[in-house]
Student: 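Questions regarding the structure given below will be posed in turn.
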Amino acid sequence: MRMSKIVRTATDILYPFIIIFGFYIILHGHLTPGGGFQGGAVVATGTALVLVAYSWKELPGLVSKNLLWFQESGGLLLFIGAGLAAMIIGFPFFYNWLAGSGSIFGTPVAFGPNPGDLNTGGFLPIMNIAVGVEVWGGLVMVLLYLLSALEREERA
Amino acid sequence: MKQIIALITILVFAGSLLMIVTNFQFGVPIKSDMDDYFLKFGQVQTGTNNQCTSVTFDFRGFDTLGESTVLFTAVMGVALMFRRFIRGEDDADE
């Protein structure tokens, strides 16, 4: 069930750039348009391109269901955990206690237009990464299950 | 007969939508206290230059939590549905 050599060669050239672009959107979610959902969808698209161009059975190490399940649940747990961490310290649920604190992601931001710094945003970048990883795992997971069902349909 | 009813329904809905669009003046909201607050304090309070992200992930973090849960539930539903198919044939995939 693999596609032609043209498609596979184009996929080999394109998919690193698509995935890197997706990670860029995830990591710069608090500075540029985009965020966790959009970037995760882009990374999932890059992975889906590989899955469709090659057969989904030929990629045992790169994309496995256990790893995707781990991504899916780990992303959601990291998201909730980031919200609960504020409660442990003594703030309300989902309080952005990292913003402006001076530690990681804690550089204060001045009011008004400025070019922006990657090391800002409190726990918004952490949440962006969590949601991005979750969306990535979830969408590839759906595609993997649908492809395996398609395989079964062809065999029957 | 059916087509005439459908046409009338479409015309009524399109007319009401157009009425709403023409009666409202865009760019001049009636109440803008919330927007002004986000624009004025959002950048300093959340440390983000992108105000859309500061609203979706910080001020309305619960909404995003629900969204993530919806996605998780959707993936879980797909997995459960197709796992039954796969298990009937062979257990090699799981």
Side-chain angles (χ1 to χ4, degrees), chain A residues 28-37 57 65 68-69 72-73 75-76 79-80 82-83 93-96 98-101 105-117 120-125 127-128 130-131 134-135 137-139 141-142 144-146 148-149 151-153 155-156, chain B residues 21 24 26-29 31-94:
Chain A
H28 287 246
H30 54 297
L31 298 177
T32 54
F37 278 100
K57 281 190 171 169
K65 272 180 186 165
L68 288 170
W69 264 126
E72 169 84 7
S73 9
L76 194 56
F79 190 88
I80 299 171
F93 190 48
F94 271 118
Y95 183 77
N96 195 348
L98 272 174
S101 65
F105 296 129
T107 310
V109 171
F111 178 70
N114 53 36
D117 183 15
T120 57
F123 70 7
L124 292 193
M127 287 203 164
N128 269 323
V131 170
E134 194 212 333
V135 171
L139 292 186
M141 194 70 162
V142 168
L144 210 59
Y145 269 110
L146 292 179
S148 57
E151 195 96 336
R152 186 202 133 270
E153 193 74 19
R155 208 168 47 221
Chain B
V21 167
F24 271 98
F26 284 101
V28 190
K31 281 186 187 267
S32 64
D33 305 344
M34 207 74 183
D35 318 345
D36 292 340
Y37 183 84
F38 287 153
L39 289 176
K40 212 175 262 176
F41 299 108
Q43 198 176 14
V44 177
Q45 279 182 354
T46 66
T48 38
N49 283 353
N50 185 1
Q51 284 310 298
C52 298
T53 306
S54 91
V55 169
T56 52
F57 280 94
D58 197 319
F59 291 114
R60 293 181 185 166
F62 272 122
D63 187 47
T64 311
L65 178 64
E67 249 176 282
S68 312
T69 317
V70 164
L71 184 79
F72 185 80
T73 317
V75 174
M76 213 163 66
V78 170
L80 282 174
M81 218 171 97
F82 285 101
R83 175 174 288 179
R84 254 184 84 200
F85 286 151
I86 293 163
R87 187 154 286 172
E89 300 269 328
D90 53 345
D91 285 341
D93 293 327
E94 272 302 312

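A note on names: the letters A, B, ... follow the listed sequences, proteins ahead of strands, and every chain is numbered from 1.
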Student: Measuring heavy-atom distances to chain B, does A/Pro125 have an atom under 4.5 Å in its side chain, in its backbone, in both, or in neither?
Tutor: neither

Student: Which bit of A/Met141 comes within less than 4.5 Å of chain B, counting heavy atoms only: side chain, backbone, both or neither?
Tutor: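 Contact with chain B is through the side chain of A/Met141 alone.
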
Student: Answer with side chain, backbone, both or neither: which region of A/Phe37 has an atom nearer than 4.5 Å to a non-hydrogen atom of chain B?
Tutor: side chain

Student: Within the structure provided, determine whether A/Met127 and B/Thr64 are in side-chain contact (heavy-atom separation under 4.5 Å).
Tutor: no

Student: Nearest 0.5 Å, what's the CG-OG1 distance between A/Leu31 and B/Thr53?
Tutor: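 Interatomic distance, A/Leu31 CG to B/Thr53 OG1, rounded to 0.5 Å: 8.5 Å.
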
Student: So which atom in B/Ala79 and which in A/Trp69 form the shortest heavy-atom distance, rounded to 0.1 Å?
Tutor: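 Shortest heavy-atom contact: CB-CZ2, 3.7 Å.
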
Student: Give the minimum heavy-atom separation between A/Asn114 and B/Asn49, together with the two atoms involved.
Tutor: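 Heavy-atom minimum between the residues: OD1-ND2, 2.7 Å.
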
Student: What is the ring orientation for A/Phe94 with B/Phe62, classed by angle as parallel under 30°, tilted 30 to 60°, or perpendicular over 60°?
Tutor: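 Perpendicular, since the angle between the ring planes exceeds 60°.
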
Student: Is it the side chain or the backbone of B/Gln51 that comes within 4.5 Å of chain A heavy atoms, both, or neither?
Tutor: neither

Student: Identify the two heavy atoms, one from B/Thr48 and one from A/His30, that lie closest to each other, and give their separation to 0.1 Å.
Tutor: CG2-CB, 3.3 Å

Student: Is it the side chain or the backbone of A/Leu76 that comes within 4.5 Å of chain B heavy atoms, both, or neither?
Tutor: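 Just its side chain gets close to chain B.
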
Student: So which part of A/Thr32 gets closer than 4.5 Å to some heavy atom of chain B, the side chain, the backbone, both or neither?
Tutor: backbone

Student: With a 4.5 angstrom heavy-atom cut-off, could you sort out which part of A/Phe79 is near chain B: side chain, backbone, both or neither?
Tutor: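 Only the side chain of A/Phe79 comes within 4.5 Å of chain B.
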
Student: Between B/Thr56 and chain A, which part of the residue has a heavy atom less than 4.5 Å away: side chain, backbone, both or neither?
Tutor: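 It is neither, since no heavy atom gets under 4.5 Å.
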
Student: Flag the one option from A/Gly138, A/Gly35, A/Gly75 with the top tally of heavy-atom pairs under 4.5 Å to chain B.
Tutor: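 Ranked by contacts with chain B, first place is A/Gly138.
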
Student: A/Val131 and B/Ser68: which non-hydrogen atoms are nearest, and at how many Å?
Tutor: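 Scanning both residues, the minimum pair turns out to be CG2-OG, 4.1 Å.
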
